[in-house]
Amino acid sequence: MNTGDLSTLLVWAAATSFTIALIAYTVDMARIAEQAQKRTRAAVPAMAGASSGPVSAAAGSADEAAPDRSHRAEGIARSTHLLGVALLFGGIVLRGIAAGRWPTANMYEFTLVGVFMATLVLAIVQRRRAIPFISVVVLGLAVLFLATALLKFYVQAEAVQPALQSYWLVLHVGVAISATGIFTVAFAAAVLQVLRDGRENDHSHLVAPWSRGDGMRRALSGWAVTGPRFAWLEQVPDARRLEAMSFRLNAVGFVLWTFTLIAGAIWAEHAWGRYWGWDPKEIGTFVAWVVYAAYLHARTTRGWSGRRAAYFVFVGYACVLANFTVINLFVTGKHSYSGL
Amino acid sequence: MARYRPEGLEDTFADNPADTPTAPAADDAARDGGSRDAADDTAGGSSSPAEPRVVVPAIGFFGWLRWTWRQLTSMRVALLLLMLLAVAAVPGAMFPQRAQDEAKVATYLLDHPTSGPWLDRLGFFDVYASVWFSAIYILLFVSLVGCILPRTKVHFSALRGRPPRTPRRFTRFPAQGAGSSADEPETLVRAAEKVLRRPWLPLWPRYRTDVRDEGGGAWSVSAERGYLRETGNLLFHLALVGLLISVATGQLLHYRAQAIVIQGEGFANAKVAYDTFEQGTAFDPSSLDPFTLKLDDFESAFDPTTLNPRDFTAHVTLTEPGGDPTKKTIKVNHPLDAGGAKVYLTGNGYAPDVEIKDAAGNVAADGPTPFIPQNNVYTSRGVIKAPDVTGGQDQIGIVGYLLPTAQQVDDTTWQSIYPQPGNPMLVLTVWHGDLGLDTGVPQNVYELDESKMTQSVDEDGKPVTLYVKMGETVDLPDGLGTLTFKALPRYVALDLRHDPALLYVLVFALLAFVGLATSLFAPRRRIWVRAAPGREAGDGRTVVTAAGLARGDDVGLQPELDRILAALPLEPPAEPAADTSTTSTPTSTQETP
Ligand code: HEM
């Protein structure tokens, strides 16, 4: 078995490890939900039978560490998560050795490093007190991306074409991927923020009848954030703190993204003879950058902070992902380096 | 001092807490009042209407202008314009763009005869030069300037002023602390000031402080740090303006040229020497620096198994006016600087050197012709035109392929298996007639105008195909003459670009980056410490209270406050004072204002 194959094996092992962590975090989350549900039932016995009545969200209860989490599940989740990060790191290093260069030159490698960054940032953010929901979102995406990388993006490890032979491959691409990883965790925090905000404010679109397609609403009504299924939301930090967490990560991500943009322009000046040419990838990067700039402005604009600012994070993250997937796979441009 | 703020900006920090005791949680009415003041301030008048939206009809032309300006420079409109900019940039990735690929646009128009022309009229094939795209970014930048200049002024005066006075009550601040001591209030406050001013760089105090005697034996210090945050923010926005101006200047003053240079040949830097030449409106072509550049050799390397390229190097001789010829190399990622321009290696290929003699034995064409590579093994297509036939014979046009390393697949099929010239072969078909070169209409050298030509065919009516290896001479069909494949030099495609604004673009981009990082990561904080004689007169104890406020969310605020209090000779308060909460753990008091 050569180094390249060993690298692939390690990546598979990492994917498996993350899957176990994902399951363990889901179990952990389910336990919290169950306990929280029991408590609300006990507290409001009359509500137990109501199908979709809002359960009053006792805001503020979030700060005590959840007493009834599954410690075993959390332990397994943490250790397999870290194991996955380590395995993935090994896979990336071996990949670099097999190719004899920095391993960020095609889509397969981008994905590996991006997942590595996201899971590493996740581990750092969660080091003191894990919020299982954020892990479920990030690890879910991580497993999805690793599987796609292994099954769809995989290419043999080899040296790169002349246009990529530059130290900017490390700076520009490395930083772009790190930014993507950080945006991923920030995105998960923003999702949680919106859910938590809905529950805190007793606000769900699934509660009041819709003017059209009410059947669908009724089918989904079990999933109202105000309903018992989301009782675990009361165990997570309040929306304000989640927004602060999301912002801090997004701010770091945005600065790195700005660097990516500038570094990309400098590199384009060397390699393609112009610093900016509205190549599809450049457009994608620019659009995502502007959306995140809008997010920063939204946070400080009256009436747009909090929940609404989180929507910008969703759009921004969607742009980052589309820039990586849609533009690499379906649009031809100068950035045809996916290796596919 | 009235502070300027763009309308719609939510910023607890901009309110002077001394003026509004409930600053961190100022209710909407108070905020509205604040921003109206700010708005009045921008307009520079004191008589502007209190509620612009409502009184629009009555305010007349100038009032209306003022209202428009205020809207334009508001945060809400900035937000809207940013989102619009993001949306407007997207079609450029969905539709082919003239600036990048004219041919693709033409194809699109052919494929979509109904929608195409409409999209064209609306500018969808030239998005970044379209009226709507330009309108959005110009409005955005007008808004930005209108927003940033007044803020810069306010920031400068804040830099010169004193930190804001200590508010009377600390109740509503996100970070608080308290303690008591046997020391004198003034001693305690001076000690606190010393801690606050402890430098983090030599000679650069952490906080700017202001100690006041509040009367009744009470002393307080107010401190502020993080002016750098606002400085960074302003620097960032101003640098964006600089960036836009530099890019536009570059557009005016640049030129860009493309040349195909065959091994052993060269060119002089003059407009006529180029295949394409494009310039900004303010560039004067006679100012071109007349250096000459000659291609001596070209090297390439490929991966033997995947055939992907590994290296391209052009060895050239550069002669600057009045200078000696110097040997240089040009590689991808390593352009050559020549005469104020950069020379980029953008392509390469083979230019088969072919001699064609007509039926009378006269040379009708001689020399290398660039062929265009079609795939990764450099199967290249080209056209050789032989116009100089003698005595009224038909002109000859040759169309065909070069296979650098030819390998026979079956009787009539050959293919190239390697990009390097291992076994070069030309596979050609022959046309004769009128090449159409005399019409005066410029012709594409890579295409044959077949309208007045006939193709040579064999007795079955199939086109005659010639297979010519290097060094061979073959007879042309129909007795047209002979063809000799003499040699196989390489050629390179070079791009020249001159943009005098490049350095400024880079500098402004980097300034923007530095400004951004500072504005996002430098914490901006205010801290107040007050020491007053205790309530129970005569016990001789001093009660110390402290509060902190930060711009945005700031996890470090409470720890910093705790650190400052810990440096004072304090005991924790016996029971919480009426108007302060206890010094509690950072996590539970910390709030996002
Ligand atoms: C080309 C357009 C613009 C871009 C790319 C842009 C980008 C940014 C970015 C990245 C930030 C974050 C820095 C920070 O939060 O401290 C920011 C902050 C800010 N921008 Fe802009 N901006 C633009 C236009 C404007 C305009 C038109 C205004 C005024 C109406 C404006 C006002 C502000 C303000 C007040 C802040 C500080 C927000 C705060 O943190 O309190 N910007 N801008």
Side-chain angles (χ1 to χ4, degrees), chain A residues 63 156 158-166 168 240-241 243-245 247-248 251-252 254-255 258-259 261-262 265-267 269-281 283-284 286-291 293-294 296-305 312 315 319 326-327 331 333, chain B residues 7-11 28 31 35 74-76 78-79 82-83 85-87 89-90 92-94 97 99-100 127-128 247 256 303 305-306 308-312 331-335 342 344-346 495-497 499 502 505-506 509-510 512-513 516-517 520-521 552-553 555 587-588 590-592:
Chain A
D63 287 324
Q156 204 68 40
E158 60 165 333
V160 288
Q161 62 190 81
L164 294 183
Q165 293 166 9
S166 167
W168 289 108
R240 216 173 214 197
R241 206 164 301 161
E243 130 71 76
M245 174 177 172
F247 165 69
R248 274 197 293 279
V252 176
F254 184 72
V255 169
T258 310
F259 180 85
L261 202 69
I262 296 174
I266 297 175
W267 192 6
E269 171 67 25
H270 288 291
W272 301 332
R274 87 284 186 293
Y275 55 84
W276 194 262
W278 296 109
D279 173 80
K281 193 67 154 201
I283 298 172
F286 173 77
V287 169
W289 189 83
V290 172
V291 172
L296 292 176
H297 282 91
R299 285 187 80 248
T300 57
T301 305
R302 201 174 317 126
W304 282 89
S305 50
F312 284 83
V315 179
C319 290
V326 179
I327 303 241
V331 183
Chain B
E7 208 171 334
L9 177 66
E10 183 154 58
D11 179 11
D28 275 335
R31 277 198 215 133
S35 79
S74 75
M75 283 301 272
R76 254 182 239 98
L79 189 61
L82 275 170
M83 283 318 273
L85 185 70
V87 172
V90 173
M94 290 160 48
Q97 298 294 299
Q100 274 85 31
V127 167
Y128 307 103
V247 170
R256 152 163 241 147
D303 186 287
T305 47
T306 61
N308 289 332
R310 290 289 169 258
D311 181 52
F312 296 130
K331 287 162 89 84
V332 183
N333 273 315
H334 300 281
K342 278 195 187 145
Y344 299 89
L345 180 62
T346 56
D495 259 26
L496 259 88
R497 203 163 71 92
D499 183 346
L502 218 50
V505 173
L506 180 66
L510 293 179
F513 179 72
L516 179 73
L520 285 174
F521 300 138
D553 68 285
V555 271
T587 39
S588 59
Q590 181 62 45
E591 273 182 53
T592 315

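Note on naming: letters A, B, ... go to the chains in the order of the sequence lines (proteins, then strands), and numbering restarts at 1 for each one.
- A search for ring pair (Phe, Tyr, Trp, His ring centres under 6.0 Å) contacts involving A/F259 returns B/F513, not counting sequence neighbours.
- Each of A/G273, A/C319, A/G277 has some count of heavy-atom pairs under 4.5 Å with chain B, and the biggest count is that of A/G273.
- Highest contact tally toward chain A, considering only B/V505, B/L506, B/T346, is held by B/V505 [criterion: heavy-atom pairs under 4.5 Å].
- Of all the listed residues (B/V87, B/N333, B/T305, B/V332), the one sharing the greatest number of non-hydrogen pairs under 4.5 Å with chain A is B/N333.
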Take B/M83 and A/F312, measure what side chain to side chain contact (heavy atoms under 4.5 Å, CB included) needs, and give me the verdict at the end. CA-CA 10 Å; B/M83 283 318 273; A/F312 284 83; 3.4 Å; yes
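- Residue A/L261: no heavy atom, backbone or side chain, is found under 4.5 Å from chain B.
- Among B/L345, B/V247, B/L510, the residue making the largest number of heavy-atom pairs under 4.5 Å with chain A is B/V247.
- Using a 4.5 Å cut-off on side-chain heavy atoms (C-beta onward), A/W304 and B/R76 make contact.
- Contact of A/V326 with chain B is not made at all, since no heavy-atom distance falls under 4.5 Å.
- With a threshold of 4.5 angstrom between heavy atoms, A/Q156 does not approach chain B through any atom at all.
- Shown here are the salt bridge (Lys or Arg N to Asp or Glu O under 4.0 Å) partners of B/R256, two or more places apart in sequence or in another chain: B/D495.
- When B/M94, B/K331, B/H334, B/Q100 are compared by the number of non-hydrogen pairs under 4.5 Å with chain A, B/Q100 comes out ahead.
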Check step by step if side chain to side chain contact (heavy atoms under 4.5 Å, CB included) holds for A/W267 and A/W272. CA-CA 8 Å; A/W267 192 6; A/W272 301 332; over 6 Å; no
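- Between the side chain of B/Y128 and the main chain of B/A89, a donor-acceptor pair closer than 3.5 Å is present.
- The candidate from B/A99, B/A93, B/A512 with the greatest count of non-hydrogen atom pairs under 4.5 Å with chain A is B/A93.
- When the candidates B/K342, B/R310, B/R497 are compared by the number of heavy-atom contacts under 4.5 Å with chain A, B/R310 comes out ahead.
- Considering only heavy atoms from C-beta on, A/R299 comes within 4.5 Å of A/F247 through its side chain.
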